[in-house]
Amino acid sequence: KDKLIHYSTEDTEIIIRDIKSYDVDVTYENDSPILSAFIKDNNIIIQSKTSLSSLKTYKPFLKSIENWRVPTQNGDVFNKIVQTGVGTMLVFSKSGNLYCINSSTGRIININKLDAYEYYSFHKDKSEKNIVFYGGEFLIGLDPHNGNTLWKIRELDVTWPQNRIQFVDN
């Protein structure tokens with residue numbers, strides 16, 4: 001709580017500061033440059049080209065701040081992370097794999113082999129329990145608990161899908 005995450009996309013170091021005093025609470029050296037970071041359930045989730053990691057927001061005595069780390073497989077790259085309202089994250093990779101990862105433990109629950117799409121978007125409602133993926137002219141309903149495909153519908157000619165796909169009355 002009340003933390004500031006400081007990192008550069010060209011460096012491997014992340015600094016966690018107290019937002020009120022600006023004192024450095026923790027520094028952490030990642031395995032590769034950090035692409036993005038966000039806070040989920042009082043932990044910091046770090047996305048890099050080679051892994052996805054969860055860090056504590058404080059330095060425990062004689063212990064690591066790292067909760068868990070999920071390396072990419074076979075040189076793949078994690079492109080997009082979608083938080084869900086059920087304690088998981090859906091992570092879409094460059095190869096087209098959709099990883100469903102437990103936010104608390106880092107355990108890979110499932111890998112859904114979607115196709116690799118150059119242009120794609122995710123859409124979710126306020127509860128973050130209804131999630132739709134759009135790519136390659138297909139709308140795909142996703143189960144937030146395991147990342148499985150619930151349904152798949154071909155939808156041609158959707159321009160600017162990030163602005164034209166939304167949930168109504170959810």
| query | Can Ile15 be reached from Ile19 by stepping across I, L, V, M, F, W or Y side chains whose heavy atoms are under 4.5 Å apart? | reply | no
| task | To the nearest 0.5 Å, tell me how far Arg69 CZ sits from Ser64 OG. | result | 11.5 Å
| request: Under the ring-ring contact (aromatic ring centres under 6.0 Å, His included) rule, collect the residues that match up with Phe122, sequence neighbours excluded. | output: Phe133
| note | Rounded to the nearest 0.5 angstrom, the CZ-CH2 distance for Arg107 and Trp68 is 12.5 Å
| said: The test is side-chain hydrogen bond (donor to acceptor under 3.5 Å, both in side chains); show your working for Asn110 and Asn146 and say whether it passes. | reply: CA-CA 6 Å; Asn110 185 33; Asn146 57 27; 4.9 Å; no
| task | Check side-chain contact (heavy atoms from CB on, under 4.5 Å) between Tyr119 and all other residues, then give those that pass, not counting sequence neighbours. | result | none
| message | I want to check something: taking the side chain as every heavy atom from C-beta on, are Thr149 and Leu114 in contact at a cut-off of under 4.5 Å? | response | yes
| What residues join Ile34 in its hydrophobic cluster, counting side-chain heavy atom gaps under 4.5 Å, either direct or through other members? | Ile5, Tyr7, Ile14, Ile16, Val26, Tyr28, Ile39, Ile44, Ile46, Leu55, Ile65
| remark: Closest heavy-atom pair, Ser48 versus Pro33, reported as atoms and distance to 0.1 Å, is CB-O, 3.2 Å
| message | What's the separation between atom CG in Leu142 and atom CG in Asn148, rounded to the nearest 0.5 Å? | response | 9.0 Å
| task | Please list, chain by chain and in numerical order, all residues satisfying side-chain contact (heavy atoms from CB on, under 4.5 Å) with His145, sequence neighbours excluded. | result | Val86, Asp143
| query | Does one hydrophobic cluster hold both Ile131 and Tyr120, with members joined at side-chain heavy-atom distances below 4.5 Å? | reply | yes
| query | Could you give the distance from OG (Ser51) to CG (Asn30), rounded to the nearest 0.5 Å? | reply | 5.0 Å
| request: Please name all residues satisfying ring-ring contact (aromatic ring centres under 6.0 Å, His included) with Tyr99, sequence neighbours left out, ordered by chain then number. | output: Phe78
| request: Using the rule that two of Ile, Leu, Val, Met, Phe, Trp, Tyr join whenever any of their side-chain heavy atoms come within less than 4.5 Å, decide whether Tyr117 and Leu90 are in one cluster. | output: yes
| Would a hydrophobic clustering, with Ile, Leu, Val, Met, Phe, Trp and Tyr connected at side-chain separations under 4.5 Å, put Ile111 with Leu52? | yes
| Under the salt bridge (Lys or Arg N to Asp or Glu O under 4.0 Å) test, which residues partner Glu13, sequence neighbours left out? | none
| message | Under a 3.5 Å distance rule, please check whether Arg17 uses its side chain to pair with a backbone N or O of Leu4 as donor and acceptor. | response | no
| query | Asp25: what forms a side-chain contact (heavy atoms from CB on, under 4.5 Å) with it, not counting sequence neighbours? | reply | Lys3, Asp18
| Under the side chain to side chain donor-acceptor pair (under 3.5 Å) test, which residues partner Asp11, sequence neighbours left out? | none
| request: Name all residues meeting the side chain to side chain donor-acceptor pair (under 3.5 Å) criterion together with Ser104; count only those two or more places apart in sequence or in a different chain, and write none if there are none. | output: none
| If you look only at pairs with a residue in residues 74-91, which of them pass as a side chain to side chain donor-acceptor pair (under 3.5 Å), with sequence neighbours excluded? | Asp76-Ser93, Asp76-Ser95, Thr84-Thr88
| note | Residues Pro144 and Cys100: closest non-hydrogen pair is O-SG, 4.1 Å
| Residues that Gln73 engages under side chain to side chain donor-acceptor pair (under 3.5 Å), provided they are two or more places apart | none
| Ile140, Val82: one ILVMFWY side-chain cluster at the under-4.5 Å cut-off? | yes
| field | Flag if over 12 foreign heavy atoms under 6.0 Å of NZ, Lys40 | value | yes
| Counterpart residues, side-chain contact (heavy atoms from CB on, under 4.5 Å), relative to Glu10 (two or more places apart) | Ser8
| note | Here the pair of heavy atoms bringing Thr12 nearest to Asp31 is CG2-C, 4.5 Å
| query | Which atom names give the shortest non-hydrogen contact between Ser32 and Lys49, and what distance separates them? | reply | OG-N, 3.7 Å
| query | Does a side-chain heavy-atom distance below 4.5 Å link Glu66 with Ser53? | reply | yes
